[in-house]
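Heads up: the structure comes next, in structure tokens.
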Amino acid sequence: MVTLFCRRGFHSLRASSLKYIPWQLSQNLSEERGRLLPTCSSLSFQELESHFVSLLNDSTTLPRLRQLHGCIYRSGIHHSCFVLTKLIRCLTSLDVPVEPSYPKLIFLQAQRRNPFLYTALIRGYSLRGNLGDCVRLYGDMRRDGISPVTFTFTAMFKACGEQLDLRLGTQVHCQMVLIGGFGPDLYVGNTLISMYVSCGVLGCARKVFDQMPDRDLISWTTLLVAYSKSGDMGSAGYLFNRMPEKDKIAWTAMITGLVQNSRPGEALKLFDRMLASHVGLDEYTLAGVISACAQLGASKYAKWVSDIAEDSNLSPINSVVVGSALIDMYSKCGQVDEAYKTFHAMKERNVYTYSSMIVGFAIHGQPRAAINLFNEMLKNRSIRPNDVTFVGVLTACSHGGMLDQGRDIFSMMEKVYGVPPNADHYACMIDLLGRAGKLREALELIEKMPVEPHGGVWGALLGACKVHEDPDIAEIAASHLFAIEPDGIGNYILLSNIYASSGRWEDVLRVRKLMRGRKLRKNPGCSWFEAKKGEIHEFFAGDTKHPQYNEIKRILEKLVERLEGDGYEPILSSVAYDVSDEDKRRILMGHSEKLALAFGIFSSSSGSVIRIMKNLRICEDCHSFMCGASRVAERDIVVRDNMRFHHFRDGVCSCGNFW
DNA sequence: AGCTGGAGCC
């Protein structure tokens with residue numbers, strides 16, 4: 001490509017040849033002019049067309065395109081649809097903003113219009129999400145008696161998909177079939193599948209897929225992703241197994257789908273098969289695999305996947321995608337220090353990087369660190385916070401009990417940063433208000449919400465009712481929860497616990513009956529402890545089957561003795577059954593995290609951190625037990641429950657008894 | 001003739 005005004009050439013000139021610059025400049029300029037605007041007599045019409053098209057192909061800036069536009073006019077080739085089409089295409093695919101009327105002006109200047117010219121402008125509108133003008137122009141085109149080409153339809157379908165206009169999309173689809181000539185060929189078919197998928201009508205997408213005479217990797221993968229996003233892993237797996245060939249995008253899509261549907265174990269197995277099939281991998285693949293490890297939450301996997309990233313030359317240093325995923329994983333594996341090390345080492349950071357780290361600090365009970373990082377991020381003008389960033393910041397406020405700061409940020413997020421609060425943000429606010437004991441205000445906020453409250457919102461209110469023992473508001477929250485998530489076993493248990501702790505035993509029985517009626521069983525409490533070699537020990541509540549149970553029991557009894565000397569008193573209201581105090585004590589001692597703790601104390605070396613994961617929220621008694629144990633046993637204990645991390649050290653917890 | 005579509009980290 002010839003560089004205008006010789007900029008590049010200028011830099012490459014040596015000092016000794018400076019005296020030639022004026023000559024070289026003018027020489028290059030006139031050469032350039034000659035190349036841009038050849039005399040008409042020297043070239044045939046076709047030659048002029050291809051001359052300008054090749055110039056346009058090389059032009060990626062607005063000034064350059066404007067200049068070419070002028071040249072096209074002066075050369076007298078402006079009635080060529082071919083050249084004008086190309087010009088419109090170039091203008092509308094630029095990254096920089098172009099005044100919307102400019103491509104239209106060129107369109108109007110054309111003396112003749114063919115389908116390609118129309119289509120170029122339709123595509124321009126479609127790229128800018130301007131569905132209204134797409135439709136108008138499509139109408140003009142039909143009135144002009146010009147038949148659309150396949151690409152006209154793909155442009156229309158793409159715009160309909162992006163604007164979620166299923167009605168119009170279906171109409172155009174019907175017209176396409178009626179006009180005839182265009183069956184669902186490869187490209188049109190794939191675009192149609194995407195359109196129906198983004199409008200959420202998977203059945204239609206599947207129909208198009210089934211009707212297509214030829215399908216390629218993209219057809220299969222689009223549909224596969226759609227099924228996995230809708231939670232239908234059965235259909236996704238069926239497609240995956242029947243794909244005639246698979247590239248790394250297809251493998252990655254399937255792995256990520258499993259992760260998104262909380263099936264991390266299967267995702268890792270599939271990754272093994274992917275490695276064996278030698279299709280290669282990239283940062284997207286690793287992001288999915290890392291996410292699977294984050295869900296498993298075991299440091300064994302964290303180490304394993306970090307090594308793979310290092311071996312593939314995709315370390316956090318040179319991939320912001322891998323780095324951000326690793327930060328999330330480390331913090332979900334309880335290693336927030338390691339997460340920060342990764343964050344610190346990264347060369348490039350984007351909004352995901354910051355958000356992951358902010359969320360990490362938030363769930364590890366370091367709200368100050370989260371807020372500071374948020375402020376640091378705001379200083380970087382090129383990174384704007386998004387909805388997830390605010391989930392992290394608000395979670396930090398709520399875990400830190402920072403009510404006023406939380407309110408400020410919540411009111412700022414839309415006004416200052418243009419991020420409208422969604423149901424998750426409201427859930428954070430409800431949590432924040434709830435912790436501060438402002439249950440009425442929380443309830444009023446829910447009633448004023450502009451978006452539909454989901455289970456998380458009512459769940460946060462119900463959780464707050466547990467902490468502040470308010471069975472009346474709990475009933476309101478629970479009634480909504482039972483409607484939204486009728487199978488959510490935790491809600492019934494929480495409500496019955498709230499009744500239990502205020503001694504309303506008839507109501508407890510009523511809830512239990514409701515649960516039985518809906519055939520719901522209490523999820524057994526379960527905890528894991530990861531031993532030194534990476535093997536995982538699993539403990540269920542009341543479990544006596546562990547091979548070293550006698551040792552566990554001995555350690556627990558010794559621990560209780562020392563704690564009671566320290567003033568520990570079992571919190572009997574944590575037991576939701578109406579049984580004798582003696583039985584309550586027995587049940588509390590059988591809680592799975594206590595068993596895991598006892599096992600951790602005698603099976604790991606004395607200086608190491610004891611990491612425990614638990615499937616349910618940690619109960620009040622276990623929480624106070626862990627606090628005490630961290631002091632008398634002189635061990636750091638980290639417990640991940642289904643909400644967050646608790647770091648126990650020297651008798652206190654990072655959550656400040658706020659959870 | 002020109003023209004197009006699929007995966008990701010919180």
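In what follows, chains carry the letters A, B, and so on, assigned in the order in which the sequence lines appear, proteins first and then strands, with residues in each chain numbered from 1.
One finds no side-chain N or O of A/R349 lying less than 4.0 angstrom from the OP1 or OP2 phosphate oxygen of B/dC9. Residue A/Q260 places at least one side-chain N or O closer than 4.0 Å to OP1 or OP2 of B/dG8. A close approach under 4.0 Å does not occur between any side-chain nitrogen or oxygen of A/Q295 and OP1 or OP2 of B/dC10. Distances shown here put a side-chain N or O of A/K158 below 4.0 Å from the OP1 or OP2 atom of B/dG5.
Relative to the side chain of A/I218, the nucleotides B/dC9, B/dG6, B/dT4 differ in distance, and B/dG6 lies closest. Taking the side chain of A/T252 as heavy atoms from C-beta on, and the options B/dG5, B/dA7, B/dC9, the nearest nucleotide is B/dA7. The side chain of A/D216 has B/dG5 as its nearest neighbour among B/dC9, B/dG5, B/dC10. Closest to the side chain of A/Y352, out of B/dC3, B/dA7, B/dC10, is B/dC10. With B/dC9, B/dG6, B/dA7 as the candidates, the nucleotide lying closest to the side chain of A/S194 is B/dG6. Considering only the side chain of A/K86, B/dC3 comes nearest among B/dA7, B/dC3, B/dC10. Closest to the side chain of A/T191, out of B/dG8, B/dG5, B/dC10, is B/dG5. Among the nucleotides B/dC9, B/dG6, B/dA7, the one closest to any side-chain atom of A/S324 is B/dC9. The listed nucleotides are B/dT4, B/dG5, B/dC9; the one nearest the side chain of A/L186 is B/dG5. Distance from the side chain of A/F82 is smallest for B/dA1 among the nucleotides B/dG5, B/dA1, B/dC9.
Listed by chain and residue number, A/I371, A/M402, A/Q405, A/I409, A/L432 satisfy the side chain to side chain contact (heavy atoms under 4.5 Å, CB included) test with A/C397 (two or more places apart in sequence, or in another chain).
Side-chain atoms of A/T221 and base atoms of B/dG6 include a donor and an acceptor less than 3.5 Å apart. Taking only distance into account, the side chain of A/D247 meets the base of B/dG6 through a donor-acceptor pair shorter than 3.5 Å.
A/S291 comes within contact range of the sugar-phosphate backbone alone, with a heavy-atom separation under 4.0 Å but no base atom that close. Residue A/N57 is classed as having no contact, given no heavy-atom separation below 4.0 Å to the nucleic acid. Across all strands, A/D387 comes closer than 4.0 Å to no nucleic acid atom at all (heavy-atom distances). Counting non-hydrogen atoms under 4.0 angstrom, A/K248 reaches nothing in the nucleic acid. Using a 4.0 Å heavy-atom distance criterion, A/K229 is classed as a sugar-phosphate-only contact. Within the 4.0 angstrom heavy-atom criterion, only backbone atoms of the sugar-phosphate kind lie near A/V225; the bases stay farther away.
Here the two rings, on A/Y426 and A/F410, have centers that are under 6.0 Å apart. Residues A/H173 and A/F153 keep their aromatic ring centres 6.0 Å or farther apart. In summary, the aromatic rings of A/Y187 and A/F151 are positioned with their centroids too far apart to meet the 6.0 Å limit.
Without hydrogens or angle criteria, A/H364 side chain to A/S331 main chain gives a donor-acceptor distance under 3.5 Å.
Atom CE of A/M274 and atom P of B/dG8 are 13 Å apart (whole Å). Counting to the nearest Å, the P atom of B/dC9 and the CD1 atom of A/I383 are 18 Å from each other. Between A/I88 atom CD1 and B/dC3 atom P the separation is 13 Å, expressed in whole Å. In this entry the distance linking OH of A/Y354 with C1' of B/dC10 reads 15 Å, nearest Å. In this structure, the OH atom of A/Y125 is 19 Å from the P atom of B/dT4, given to the nearest Å. Across the protein-nucleic acid pair, A/L217 atom CG and B/dG6 atom P stand 14 Å apart, rounded to whole Å. In this structure, A/Y187 atom OH and B/dG6 atom C1' are separated by 13 Å, rounded to whole Å. Atom OH of A/Y196 and atom P of B/dG6 are 17 Å apart (whole Å).
No salt bridge links A/K269 with A/E266; every basic N to acidic carboxylate O contact stays at or beyond 4.0 Å. Look at A/D133 and A/R136 and you find a salt bridge, because one of the NZ, NE, NH1 or NH2 atoms lies within 4.0 Å of a carboxylate O, short of that distance. Between A/K303 and A/D307 there is a salt bridge, since a side-chain N of the basic residue sits under 4.0 Å from a carboxylate O of the acidic one.
A cation-pi arrangement is absent between A/R384 and A/Y417 under the rule of less than 6.0 angstrom and at most 45 degrees off the ring axis.
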- Dot-bracket line, read 5' to 3' along DNA chain B, where crossing pairs take [ ] and | marks a partner on another strand, Watson-Crick or G-U under 3.5 Å: ..........
